[in-house]
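These notes are about the structure you will find just below.
A, B, ... follow the sequence lines: proteins, then strands. Residue 1 opens every chain. In what follows, every heavy atom counts, from backbone to side chain, and hydrogens, waters and symmetry copies are set aside.
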Amino acid sequence: MEVKVERQIRTGLNGDEAVAYAAYHADVDVIAAYPITPQTIIVERLSEFVHDGLLDAEFIPVESEHSALSAVVGAAASGVRTFTATASQGLALMYEILYIASSLRLPIVMALADRALSALINIHCSHDDAYAARDSGWIEFFAENVQEAYDLVIAAFRVAEDKNISFPAIVNLDGFILSHSIEPLYIYEGQDVVREFLPRREPIVKLDPDKPVTIGALALQNYYIELKRAQAEAFEATPPYIRKILREYSEFSGRKYDFIKKYMIDDADIGFLVLGSTAGTMRHVVRKWREKGRKVGLISLTLYRPFPVDDLRDAVKGLKKLVIMDRSYSFGSPYAQLYMDVAATLYDEPEKPDLINVIYGLGGRDFNEYTAEEMWEKINRPGVKKIWVGVRGD
Amino acid sequence: MGFIRRLNDIPREEYFAPGHAFCAGCGITSIIRMVLKAYEGPKIIVNATGCMEVASTLYPRTAWKVPWIHSAFENAAATAAGIEAAFKILNRKYGYNKKVHVIAFGGDGGTFDIGIQALSGALERGHNFTYICYDNEAYMNTGIQRSGATPMGAATTTSPAGRVIPGKPQGKKDLVFIAAFHKIPYVATLNPAFMQDMYNKLVKASQIEGPKFLHYYTPCPTGWRFDTSHSIKIARLAVQTRFFPLYEIERGKLRITVDIKKPKPLEEYLKLQGRFRHLLDPKNKHIVDALKEEIERNWQRLKMLSQLDFIY
């Protein structure tokens, strides 16, 4: 695809700055956010854009993440474009409101700079927070690099605000690995360019004194389950619309976006499945391993919720083994979170690869070529089902 | 319409429909009806989880003829802040061109306790909105549990009148002053038995820019255990005994709006309510004395502060 460089600028930004530029270029109306590492740069830059008069938005410097999401719920219900950002403990504090935002069908966009949950307190990357939102009815994207973080935030507004979708969306970017790493990327020249892809939000229902509605009523045994069923069906119906918008965005940007990305997977025996920045590391590793004659390939998910079931079933065809890499741990579950989604996705398939779950990278533990080699050695041990890699003393 | 000289001046038009599920004698409906009349023009209501929310919006019905939103228990002030910001933008960026009142309602649990952080943040940031705490002095919606607003000695299901601990050992938090000392332009106390005082305070609040905090005395026959026909009588006695003084603080100037020169004996107020009945047992006289001392100190403090040109 051709990169339309005449309307884009080649520059260098870290992931947080790229996200802030994306929200700015999306001409967001109300931002409410609270500082938390490693997301803080996003709110700092957005504050600068507002205070310098570049972005005509209301920035609400709330006193907690709970209030951050609550305030954007109020603003989104009033019909304007809204944005917030958080990480880890902040997402945990928002948890109650995640379900409310989704159930009220409010198209909020949130950037999540993925970070491990306490205790012990840690500011670096795990996907605990991204997984914590998985059942709440938010659409979730994962960025592999800074360019994707920028692009996905812009695309996420179109997705969330689409009349056939109307659900909130999270864009995950790995804490520090992406949030604080400067990478080269293309950004648009400004709001005018992005407006062609992302026009002003047209709300379906809003708080309007001329047309009063009651939002967030009490529904008991006699109605709740019908309303949840309707919400579930609406969420399950979103993938074709999300795909259409990602295709449109691919055309618009000249950069290809779809639900999943595949690398050397078609003739592979062993596939690796990852989320986030590790896709970049693993692509490099897969290339090197291919040179050694190992028949390996890579699948990474750009869309995590709704889970890209059909794409994944298709992508794993012919694999003997699929290694599912989780940057988190689900206490008491048979396997970690991504593994369980994949296992459920493939259960009914007549032919499916053996699955192995790899736990890696918690709290920012580096995952590099050496860790990958350790992983290779462990997954080739007989009968292995769940392993940890990169752990001291192993 | 604006300020009123007599009760007959209150506009007849209703914006809150009958057929809701409030208990007979509940004080909540009075504040809803009067707010919707006194705040003229476009308005949006934000409701914390609680009696007001559950009794007025049982799906698929609603009693509200104005836009209304409920999100969660502790976040009415934050939700209101977002709405206020959205309408600022709609006016500034998109030519909406209407002044919209944003009014948040929370009960005492949702305001004194779980919502105090969100309230404090919104007051400090200076949003142009009104927060009204309808205070029925316990978590009534969950079944009468004690809150930071429950008065000393009152029996609730989590501060029962037990043999060893007779009711709530602690006194009531002074949320009006906590709110006021965010240095906001207007705070006031409201009581449904003093309707003209209440209505005119609502009109005044509706005309002031910035954060307003209103504290509404809300009689609760179910939780306080009194005959439903006594709601207004009890509300009146609360003022007449100086248990619930009526005052306002406008831009730092405190004014007692209903002066009680000769207070009625507190026992007259206590004896009508099941929640206080155990206090009338002579062995609990020390609690009544402590309540009386707290009431006296509060009144003297208000009197002294009302002499000053400003308190903040």
(Q) Applying side-chain contact (heavy atoms from CB on, under 4.5 Å) to B:E74 and A:E96, what does each step give before you reach the verdict? (A) CA-CA 11 Å; B:E74 68 281 58; A:E96 173 191 31; 2.8 Å; yes

Q.
Counting only non-hydrogen atoms closer than 4.5 Å, does B:K65 touch chain A with its backbone (N, CA, C, O), its side chain (CB onward), both, or neither?
A. backbone

Q.
Under 4.5 Å from any heavy atom of chain B, what part of A:A219 do you find: side chain, backbone, both or neither?
A. both

Q | Largest heavy-atom contact set with chain B, pairs under 4.5 Å, which of A:D208, A:V72, A:L69 | A | A:D208

(Q) Using every non-hydrogen atom in the two residues, find where B:P67 and A:P212 come nearest and quote the distance to one decimal. (A) N-CB, 3.6 Å

Q) Would you say A:Y21 has more than 12 foreign heavy atoms packed within less than 6.0 Å of its OH? A) no

Q | Minimum heavy-atom distance between A:I97 and B:S71, given as atom pair plus value | A | CD1-OG, 4.3 Å

Q) Is chain B contacted by the side chain of A:R200, its backbone, both, or neither, given a heavy-atom distance below 4.5 Å? A) side chain

Q.
What's the separation between atom OG1 in A:T214 and atom CD1 in B:I45, rounded to the nearest 0.5 Å?
A. 10.5 Å

Q.
Between B:I69 and chain A, with a heavy-atom cut-off of 4.5 Å, which part of the residue counts as in contact: side chain, backbone, both or neither?
A. both

(Q) Minimum heavy-atom separation for A:V80 and B:A86, please, with both atom names. (A) CG2-CB, 3.8 Å

Q: Establish, from distance only, whether the side-chain atoms of B:Q117 and A:S64 form a donor-acceptor pair under 3.5 Å.
A: yes

(Q) Looking at A:K228, I'd like to know if its NZ atom is crowded, meaning that more than 12 non-hydrogen atoms belonging to other residues, nucleotides or ligands lie closer than 6.0 Å. (A) yes

(Q) Is A:I100 in contact with chain B via its backbone, its side chain, both, or neither, using a 4.5 Å heavy-atom distance? (A) side chain

Q | Nearest-0.5 Å distance, OG of residue A:S78 to CD1 of residue B:I89 | A | 12.0 Å

Q.
Counting neighbours of CD on A:E202 that are heavy atoms of other residues, nucleotides or ligands and sit closer than 6.0 Å, is the number greater than 12?
A. no

Q: Answer with side chain, backbone, both or neither: which region of A:V213 has an atom nearer than 4.5 Å to a non-hydrogen atom of chain B?
A: backbone

**Q.** Separation of B:R92 CZ from A:D29 CG (nearest 0.5 Å)
**A.** 9.5 Å

(Q) Once rounded to the nearest 0.5 Å, what's the spacing between atom CG of A:L227 and atom OH of B:Y59? (A) 4.5 Å

**Q.** Side chain, backbone, both or neither of B:K93 within contact of chain A (heavy atoms, under 4.5 Å)
**A.** both

Q) Taking everything shown except A:K211 itself, do over 12 heavy atoms lie less than 6.0 Å from its NZ? A) no

Q: Heavy-atom distances under 4.5 Å only: say whether B:V100 touches chain A with side chain, backbone, both or neither.
A: side chain

Q: Output the option from A:S103, A:A32, A:G79, A:A71 having the highest count of non-hydrogen pairs under 4.5 Å with chain B.
A: A:A71

Q | Distance-minimising heavy-atom pair for B:A85 and A:E58 | A | O-CG, 3.5 Å

Q) So, for A:P209 and B:Y96, which heavy atoms are closest and what is the spacing to 0.1 Å? A) CD-OH, 3.5 Å

Q.
With a sphere of 6.0 Å drawn around CZ of A:R195, does it hold more than 12 non-hydrogen atoms of other residues, nucleotides or ligands?
A. yes

Q) In Å and rounded to the nearest 0.5 Å, what is the CG to NE2 distance from A:L218 to B:H70? A) 8.5 Å

Q | Whether over 12 other heavy atoms sit under 6.0 Å from A:L220 CG | A | yes

Q. With chain A, which of B:K88, B:H127, B:E53, B:R125 has the greatest number of heavy-atom pairs at distances under 4.5 Å?
A. B:R125

Q | A:Y224 OH: over 12 foreign heavy atoms closer than 6.0 Å | A | no

**Q.** Residue, of A:A77, A:A75, A:A68, that accumulates the most heavy atom pairs under 4.5 Å with chain B
**A.** A:A75

Q: Quick one: closest heavy-atom pair of B:A78 and A:S67, and the distance?
A: CB-OG, 3.4 Å

Q: Starting at NZ of A:K206, measure out to CD1 of B:I44 and round the result to the nearest 0.5 Å.
A: 10.0 Å

